[in-house]
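Every chain is numbered from 1 and lettered A, B, ... according to where its sequence line falls, protein lines coming before strand lines. Quick caveat, the model's predicted, so the values are computed rather than measured.
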Number of protein chains: 2
Amino acid sequence: MSMTRIRPLIMDPSRRDEPCAHCGARAYSVCSAIDSKDLERLAVLSTQMTVEPGRSFIEEGDPAEHFFNVTSGTAKLFKLLPDGRRQITGFAGTGHFLGLAVSSSYSFSAEALEPMRICRFSRPKLRVLLDDFPAMEKRLLEVASNELVAAQEQMLLLGRKTARERLASFLIGRADMPTHCLGYQPSPTETVRLPMTRNDIADYLGLTIETVSRTLTKLKGEGLIEIPSSSIVVIKRHTALVGIATGETEQG
Amino acid sequence: MSMTRIRPLIMDPSRRDEPCAHCGARAYSVCSAIDSKDLERLAVLSTQMTVEPGRSFIEEGDPAEHFFNVTSGTAKLFKLLPDGRRQITGFAGTGHFLGLAVSSSYSFSAEALEPMRICRFSRPKLRVLLDDFPAMEKRLLEVASNELVAAQEQMLLLGRKTARERLASFLIGRADMPTHCLGYQPSPTETVRLPMTRNDIADYLGLTIETVSRTLTKLKGEGLIEIPSSSIVVIKRHTALVGIATGETEQG
DNA sequence: CCATCGGCTTGATCTGTGTCAAGGCGGAGC
DNA sequence: GCTCCGCCTTGACACAGATCAAGCCGATGG
């Protein structure tokens, strides 16, 4: 499964002994459920790593030996069909916890879009730790519940929305995201940074790259958005875009 | 939101005093995490109800005051767009726990497909109970994790599979389900009972009723399945169907 | 400054699935 | 046993988005 994987991960000795106490992502992650005084127990279980853009750190089908926590950067999470068709199931930013699942192997792959820092935990060891910290277990349940709600929303998008509605939903979703998930963010929230390629957007929305491109061009032509560079979109008419995203607006 | 709801639920006084100890669904549900000796505490929180086919017991947007546990029958879970487009996000059978979500309102609706028995818990009260039973919290996390994996699989289906692959996946998914989820089940597992209409299947798979009907007819014509009645499908060539479902088989 | 290359856009055409329309079938009620 | 009605099937046609095919644009490196 991972035969072609070359140097996907780089251990980072410089942070080996740095405890979770200094982690910039802690406030946004499940680790916030653990008290400062107990943080050392968590720290000894964690391994800090960096992942370069384009590198995978989870491969669908591989034995699920670790949990991960994103401390900076963004990853795409995806599933593949044998002929190469791909569905991106989500993007994981700062604070995102990865690897939940009872199964013994990963059900998706994860690849860095940008330089990332991640925090890795051994599954069995974290499981044991969780027995002592029900607050963290509770936090994980909250996280999983929220992701489930998001997944259902995405099913509605994939099953029933038009290309135009999908793009509008995607842009609004990005604009409404908490700042810490986004990494570097140009000032107003109406400016949306897109660290992923058009192909990634297409595979996230169940479209082709051509349809994504055409639809964005059309939204631009209608004055709903501006596209100063291909990885930046400025939302000019937020309410109108929301109307399209939620299916309230007829056509275009 | 629920102005048009009429007698959606029928309280069942005959089971009011019957404790969870006699619940047939207990073994399959999150309640199994609670020890027999503590079961009384759970029992006092629960209200048994029956729901007639076609009745809703959760309405998207309503305040989320309860959790539910399905003890028999099947429900469809769905989201709607303002113009009536519908996406069924799943079917909930015996043992299924409903209502996970941090939000204060439900993010989906639930409607009975068949006569159902459900067990209702007040959210705040169950939350308090969970503090005393971390095993149940752990079980809920497991359940949520598994649903997340299933949701991602469904995103792959909705975003990237053909109509033929969707129907094959759906039938295989039904055939592979644990028996207790299905309610009454005609003997061999190769016989699949479909308690939902073609319209429901279409709304679950992101297709139209016509495409579902045509595709099933085609699979029948190829000898992969038989359709003795419109709500029963017999899988004749399981392996071939799995090949189609997973996208390994070219076309048809 | 030019060449290269990956990612993006745009145009022409095709096609899988949706839409519209007409029966068929089987269970419920009289 | 007949009628009704909801659900399902089948056919003809339409269209949103896919596919195929150029070409553009901006970053990178010599």
Side-chain angles (χ1 to χ4, degrees), chain A residues 53-54 76 81 83-88 111 113-114 157-170 193-221 225-233 244 247 249-252, chain B residues 52-54 76 81 83-87 111 113-114 157-168 170 193-221 225-233 244 247 250-252:
Chain A
K76 58 187 176 197
L81 287 170
D83 62 3
R85 277 174 290 172
R86 187 177 66 156
Q87 180 65 37
I88 293 186
E111 184 186 312
L113 287 177
E114 310 169 286
L157 179 149
L158 293 170
R160 290 300 181 220
K161 289 188 182 177
T162 65
R164 182 179 173 81
E165 290 163 350
R166 293 180 200 205
L167 262 302
S169 302
F170 174 68
R193 198 174 57 96
L194 302 177
M196 67 295 285
T197 67
R198 294 285 184 269
N199 231 312
D200 290 337
I201 298 174
D203 285 347
Y204 180 56
L205 300 178
L207 300 169
T208 59
I209 179 176
E210 292 94 335
T211 299
V212 169
S213 182
R214 274 189 256 272
T215 306
L216 286 176
T217 302
K218 187 131 181 279
L219 292 173
K220 182 177 71 177
I225 59 172
E226 276 172 12
I227 312 182
S229 97
S230 75
S231 68
I232 302 279
V233 168
I244 296 169
T249 308
E250 290 312 301
Q251 70 116 332
Chain B
E52 291 167 35
K76 58 186 176 197
L81 287 171
D83 63 1
R85 280 174 288 171
R86 187 177 66 156
Q87 179 65 37
E111 182 185 315
L113 288 176
E114 310 170 286
L157 178 148
L158 293 169
R160 290 300 180 218
K161 290 188 182 177
T162 65
R164 182 181 173 81
E165 290 164 349
R166 292 180 201 206
L167 262 303
F170 174 68
R193 197 174 59 96
L194 304 176
M196 67 294 287
T197 67
R198 294 285 185 272
N199 232 313
D200 291 337
I201 298 173
D203 284 346
Y204 180 56
L205 300 179
L207 300 169
T208 59
I209 179 175
E210 293 93 335
T211 300
V212 168
S213 184
R214 274 188 255 272
T215 306
L216 286 175
T217 303
K218 187 131 182 280
L219 292 172
K220 181 176 73 176
I225 60 172
E226 276 172 13
I227 312 180
S229 97
S230 75
S231 69
I232 301 279
V233 168
I244 296 169
E250 290 314 301
Q251 67 114 336

Distance, rounded to the nearest Å, where [X] contributes [atom1] and [N] contributes [atom2]:
X: B/Arg198; N: C/dG26; atom1: CZ; atom2: C1'; result: 14 Å
X: B/Lys218; N: D/dT10; atom1: NZ; atom2: C1'; result: 15 Å
X: B/Lys161; N: C/dG16; atom1: NZ; atom2: P; result: 19 Å
X: B/Leu207; N: C/dT19; atom1: CG; atom2: P; result: 11 Å
X: B/Leu113; N: D/dG6; atom1: CG; atom2: C1'; result: 16 Å
X: B/Asp203; N: C/dG18; atom1: CG; atom2: P; result: 11 Å
X: A/Arg160; N: D/dA16; atom1: CZ; atom2: C1'; result: 15 Å
X: B/Ile209; N: C/dG23; atom1: CD1; atom2: P; result: 18 Å

Donor-acceptor pair, side chain of B/Arg198 and main chain of B/Ile209, under 3.5 angstrom: no

- prompt: Do any N or O atoms from the side chain of B/Arg164 and from the backbone of B/Leu216 form a donor-acceptor pair under 3.5 angstrom?
  reply: no

Starting at [atom1] of [X], measure out to [atom2] of [Y] and round the result to the nearest 0.5 Å.
X: A/Arg166; Y: A/Ile244; atom1: CZ; atom2: CD1; answer: 15.0 Å
X: A/Ile88; Y: A/Leu113; atom1: CD1; atom2: CG; answer: 7.5 Å
X: B/Ile201; Y: B/Thr211; atom1: CD1; atom2: OG1; answer: 12.5 Å

message: Quick check: on DNA chain D, is the nucleotide nearest A/Arg166 upstream (toward 5') of the one nearest A/Glu210, or the reverse? Name the residue that is more 5'.
response: A/Arg166

message: Using a distance-only criterion (donor-acceptor N/O pair, under 3.5 Å, no hydrogens), is the base of C/dG16 paired with the side chain of B/Arg214?
response: no

query: Taking only N and O in the side chain of A/Ser213, is any of them less than 4.0 Å away from OP1 or OP2 of C/dT9?
result: yes

Any A/Thr217 side-chain N or O less than 4.0 Å from OP1/OP2 of C/dT10: yes

query: Out of D/dC8, D/dA18, C/dG18, which has the shortest distance to the side chain of B/Thr197?
result: D/dC8

message: Using a 4.0 Å heavy-atom cut-off, does B/Ser229 contact any base of the nucleic acid, only the sugar-phosphate backbone, or nothing at all?
response: nothing

